[in-house]
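Nothing here was measured: the structure is a model prediction, and the numbers come from that model. Below, each value reflects all heavy atoms present in this structure, side chains not excepted, and no hydrogens, waters or symmetry copies.
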Amino acid sequence: MRTAIVTDSTAYIPAEERARLNIHMIPLSVNIAGQLFAEEVDITASEFYDKVRGAKEFPKTTQPPIGEFVSLFEELAKEYDEVVTIHLSSGISGTYQGAVQAGDMVEGIDVYAFDSEISCAAQGFYVLRAAEMAAQGCSAKEILATLADMKQYIRAYFIVDDLAHLQRGGRLSSAAALIGGLLQVKPVLHFVDKVIVPFEKIRTRKKALKRAEELMAEDAKKYEAMDAVVIHANCQAEAEEWLAQLAAAYPNVTFKLSYFGPVIGTHLGEGAIGLSWIKK
């Protein structure tokens, strides 16, 4: 059985890495002042933040049309027997459901959709593992069993500068955003039951980053080795500095840098920063 791996753009896996690992990508889009951009295709993360900084109109995000999934799956059917397609949380986007529907519409290939229940580089952990397994000849069912097991070990926490972006985009309740704004806190956020919720309310950004590190440190003590990623929304210098500090303090953790691209950046806002990890 030949198994293809598909994901969406919000995993933010660089194009060269996707090519090397034979990962197929369907982009989500961002609408800026009436102009639609497919992220990772038409617009880079840095271009996006430049465009929307100070803009009067709040950008909107759009999931991929089902037809794009159908076209890709039909093309893959020429070379593959099955597809594992891995997507951002169904609690914040209809992308996963679109992949499910498209899979039912295509003949000649079995499509298995996986809801990561998370997004960004944390979603990427699943995609990269799936691609490695597919390259080794594993079946979709073997890959899905591994991904299901990984769910208990993946952690991700992030800090935003302004909760209004999440509230305006419908990804956080108005009450939570209002409390954060009134108290001038920097809440540490995470995913629970597929949606974004506050984990802890912390007064300063520095303390919020320290809290995320403490949470990672608990797992670093438990596991022999981990992979981790620092994720940023156009604050690369700060992210690189934090990564260097973490790498020096936790020698059993392999760190890399990633970013919040246009679609997720729309909801988190410039300056957001996150930390995700999983045991090896």
Side-chain angles (χ1 to χ4, degrees), residues 1-27 40 64 68-90 95-96 98-100 102-104 106-156 216 219-220 222-231 247 250-259 276-280:
M1 298 287 282
R2 290 206 65 206
T3 307
I5 303 301
V6 174
T7 191
D8 58 70
S9 55
T10 67
Y12 301 122
I13 298 170
E16 58 273 15
E17 194 168 13
R18 295 198 307 269
R20 180 173 61 83
L21 295 170
N22 205 23
I23 296 165
H24 305 270
M25 187 271 286
I26 292 276
E40 304 285 276
E68 288 191 17
F69 279 112
V70 171
S71 295
L72 177 58
F73 294 158
E74 287 177 343
E75 189 64 28
L76 292 173
K78 298 173 184 177
E79 293 184 50
Y80 296 90
D81 304 298
E82 51 188 13
V83 176
V84 174
T85 186
I86 301 164
H87 299 291
L88 77 163
S89 177
S90 62
T95 303
Y96 163 78
V100 171
D104 291 338
V106 175
E107 295 182 357
I109 192 165
D110 295 321
V111 177
Y112 300 87
F114 180 81
D115 183 353
S116 73
E117 302 185 13
I118 207 158
S119 188
C120 301
Q123 174 187 337
F125 283 137
Y126 292 113
V127 181
L128 297 174
R129 183 74 61 87
E132 290 166 1
M133 292 182 70
Q136 293 163 6
C138 295
S139 69
K141 288 185 178 175
E142 289 172 320
I143 293 168
L144 289 168
T146 295
L147 300 188
D149 182 62
M150 287 171 66
K151 274 193 177 172
Q152 62 187 308
Y153 298 110
I154 285 184
R155 301 286 181 268
M216 189 204 70
D219 279 354
K222 281 194 288 188
Y223 304 126
E224 189 175 326
M226 297 198 313
D227 284 316
V229 57
V230 173
I231 316 165
Y250 304 94
N252 65 323
V253 183
T254 301
F255 289 90
K256 68 178 182 179
L257 191 69
S258 187
Y259 55 92
S276 179
W277 63 89
I278 185 171
K279 76 160 190 168
K280 284 188 178 179

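For CD of Glu224, the number of neighbouring non-hydrogen atoms (other residues, nucleotides, ligands) closer than 6.0 Å is 12 at most.
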(message) Show, in sequence, the C-alpha distance, side-chain angles and deciding distance for Glu75 and His24, and conclude whether the side chain to side chain contact (heavy atoms under 4.5 Å, CB included) test is met.
(response) CA-CA 11 Å; Glu75 189 64 28; His24 305 270; over 6 Å; no
(message) If you apply the rule side chain to side chain contact (heavy atoms under 4.5 Å, CB included), what do you find for Ile154 with Tyr126, and how did you get there?
(response) CA-CA 9 Å; Ile154 285 184; Tyr126 292 113; 3.4 Å; yes
(message) Run the salt bridge (Lys or Arg N to Asp or Glu O under 4.0 Å) test on Asp227 and Lys280 for me, step by step, so that the C-alpha distance in whole Å, both residues' side-chain angles and the decisive distance to 0.1 Å come before the verdict.
(response) CA-CA 6 Å; Asp227 284 316; Lys280 284 188 178 179; 3.8 Å; yes
(request) Could you check Met133 against Ile5 for side chain to side chain contact (heavy atoms under 4.5 Å, CB included), going step by step and ending with a plain yes or no? (result) CA-CA 10 Å; Met133 292 182 70; Ile5 303 301; over 6 Å; no
(request) Could you go through the side chain to side chain contact (heavy atoms under 4.5 Å, CB included) check for Val100 and Thr85 one step at a time? (result) CA-CA 9 Å; Val100 171; Thr85 186; over 6 Å; no
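Taking the side chain as every heavy atom from C-beta outward, Glu142 and Thr146 never approach each other to under 4.5 Å. Side-chain contact between Gln123 and Asp8: present, with at least one pair of heavy atoms (C-beta onward) separated by less than 4.5 Å. Using a 4.5 Å heavy-atom threshold, the side chains of Val106 and Leu76 count as separate. Looking at heavy atoms from C-beta onward, Phe114 lies in side-chain contact with Lys151 at the 4.5 angstrom threshold. Within the 4.5 Å cutoff, the side chain of Trp277 has no heavy atoms near those of the Val253 side chain.
Checking side-chain atoms of Glu17 against main-chain N and O of Pro14 turns up no donor-acceptor pair under 3.5 Å. Under the 3.5 Å distance criterion, the side-chain polar atoms of Asn22 are left unmatched by any main-chain donor or acceptor of Ala131. Without hydrogens or angle criteria, Glu74 side chain to Ser71 main chain gives no donor-acceptor distance under 3.5 Å. In this structure a side-chain-to-backbone donor-acceptor pair under 3.5 Å is present from Arg18 to Ile13. Not one N or O on the side chain of Glu40 forms a donor-acceptor pair closer than 3.5 Å with the backbone of Ser9. A donor-acceptor distance shorter than 3.5 angstrom exists from the side chain of Thr3 to the backbone of Cys138, with no hydrogens or angles considered.
Between Tyr250 and Phe255, the ring planes lie tilted relative to each other; the angle falls in the 30° to 60° range. Ring geometry, Phe69 versus His87: the interplanar angle exceeds 60°, so the pair is classed perpendicular (tilted spans 30 to 60°).
Cation-pi geometry between Lys222 and Tyr153 is not met at under 6.0 angstrom from the ring centre and within 45 degrees of the axis.
Nearest heavy-atom pair, Met150 versus Arg129, reported as atom, atom and distance to 0.1 Å: SD-CG, 3.7 Å. Between Thr7 and Ile86, the shortest heavy-atom contact is OG1-O, 2.8 Å.
Separation of atoms CD1 (Ile118) and CG (Leu88) is listed at 11.0 Å; rounding is to 0.5 Å.
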